[in-house]
Amino acid sequence: HNITPLLIDDTLHDYKVHNGAIESIIEFKDNGVPISITPTLGTGVARLANAPFGNITASVQGSKPSTYSNQITDIIKNIVKNWGQVDKRLTDADIDGTNFTAFAAANTAPVGIYIESKANVLEVCQQLANSVGAQITMSRTGLLQLLRIDFPPSGTPKLITASNMVTKSLRIANREDVQAAVQIGYCKNWTVQDNLATVIPDAHKELYAREWLTAKASDSAVATKYKLQTEPTQKDTLLLVASDASAEATRLLNIVKEQRTVYEYVGFADALELTLGQAVTLKHSRFGLSAGELGVVVGLEPQYGNEVRVNVKVMI
């Protein structure tokens, strides 16, 4: 939304939005006013019908390696396979296809990012994944995966008892802060224009002057109980649609509005079978866990020595 395209021919008034094929050019604007262009989608170029008057911006549907997609999994695949240093690019064999397929089915919200200068491949992919609270990681078999912590976690939980732990190793590692509200920034305005002197409506000028649209979810009962503010720090995302941003804000609020405790224990070799994000039932005679509590694995640190041990963290 509202990127600044690159001027490549001052005489012909040609602007480039991508160095390859794109899906579409939604609109070009001159100081916020829509203008006529001739697009060449195969090369990501647009030619203005007239000489520009002010700042040229555009809203586009971008990179189209073969079939266009604005889904997180597809964009990440495009980036890791086709961008960055050639000798460090991944192939389909380096990507956990089962994991990506499942993630794509559960996360269909469209996203968009505009990269106008040098950027780190890993950081860009993390931005995309974090838009829905996920992280990119490599499995123990060296495959790229997308993982997200959800409550309640999906899947059949694995039972973990004292027999799975080194004696007296279970401890409370952390208690997460409770939050009464979550605010999501979405539909980023990539070219903030706060001084437009044109004939467009004032409401449009106000939109162009804002970097983000926002969606908020709050719980007044939690705010009262814990004496918390309901004006949260904004989490910026690459989401594009208001309904998706609202859904993500609600999802995050349902996680953080309850007191979450992270338990840590030292497991044996069988803990190598655990995966980040996996649902588990933690049952132990300590810390009020005697009946078993549903949680999710949030940390795994293998230690290879004479005996294999794994530091396991479970959030409940």
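FYI, the numbering just counts along the sequence from 1.
Put simply, the side chain of Thr191 gets close to the backbone of Asn2: a donor and an acceptor are under 3.5 Å apart. Of the possible donor and acceptor atoms, one in the side chain of Lys205 sits under 3.5 Å from a partner among the backbone N and O of Thr198. Under a 3.5 Å cut-off, the side chain of Ser290 and the backbone N or O of Arg286 do not form any donor-acceptor pair. Between the side chain of Asp74 and the backbone N or O of Gln71, no donor-acceptor pair lies under 3.5 Å.
Taking Ile, Leu, Val, Met, Phe, Trp and Tyr as hydrophobic and joining them when side-chain heavy atoms fall under 4.5 Å apart, one finds Phe268 in a cluster with Val166, Val266.
Of the options Thr57, Val33, Val17, a side chain to side chain contact (heavy atoms under 4.5 Å, CB included) to Phe28 is made by Val17 and by none of the others. With Lys235 as reference, Leu252 is the one residue of Val182, Thr214, Leu252 to meet the side chain to side chain contact (heavy atoms under 4.5 Å, CB included) rule.
The 12-atom threshold is not exceeded at NZ of Lys158, counting heavy atoms of other residues, nucleotides or ligands nearer than 6.0 Å. Summarising the local packing, CG of Asp194 is surrounded by more than 12 heavy atoms from other residues, nucleotides or ligands at distances under 6.0 Å. Within 6.0 Å of CD in Gln229 there are 12 or fewer heavy atoms belonging to other residues, nucleotides or ligands. In Asn120, the CG atom is crowded: over 12 heavy atoms of neighbouring residues, nucleotides or ligands sit closer than 6.0 Å. Within a 6.0 Å radius of NZ in Lys283, no more than 12 heavy atoms belonging to other residues, nucleotides or ligands are found. The number of heavy atoms from other shown groups lying within 6.0 Å of CZ (Phe53) does not exceed 12.
Linking Ile, Leu, Val, Met, Phe, Trp and Tyr whenever their side-chain heavy atoms come within less than 4.5 Å puts Ile184 and Val256 in one cluster.
Using a 4.5 Å cut-off on side-chain heavy atoms (C-beta onward), Met315 and Thr261 make no contact.
When all heavy atoms are compared, the tightest approach of Val132 to Arg251 is O-NH2, 3.2 Å.
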Could you pull out every donor-acceptor pair under 3.5 Å between side chains of residues 269-281 and any protein atom, sequence neighbours left out?
unit_1 : atom_1 : unit_2 : atom_2 : d
Asp270 : OD2    : Asn164 : ND2    : 3.3
Thr275 : OG1    : Gln278 : OE1    : 3.4
Gln278 : OE1    : Thr275 : N      : 3.0

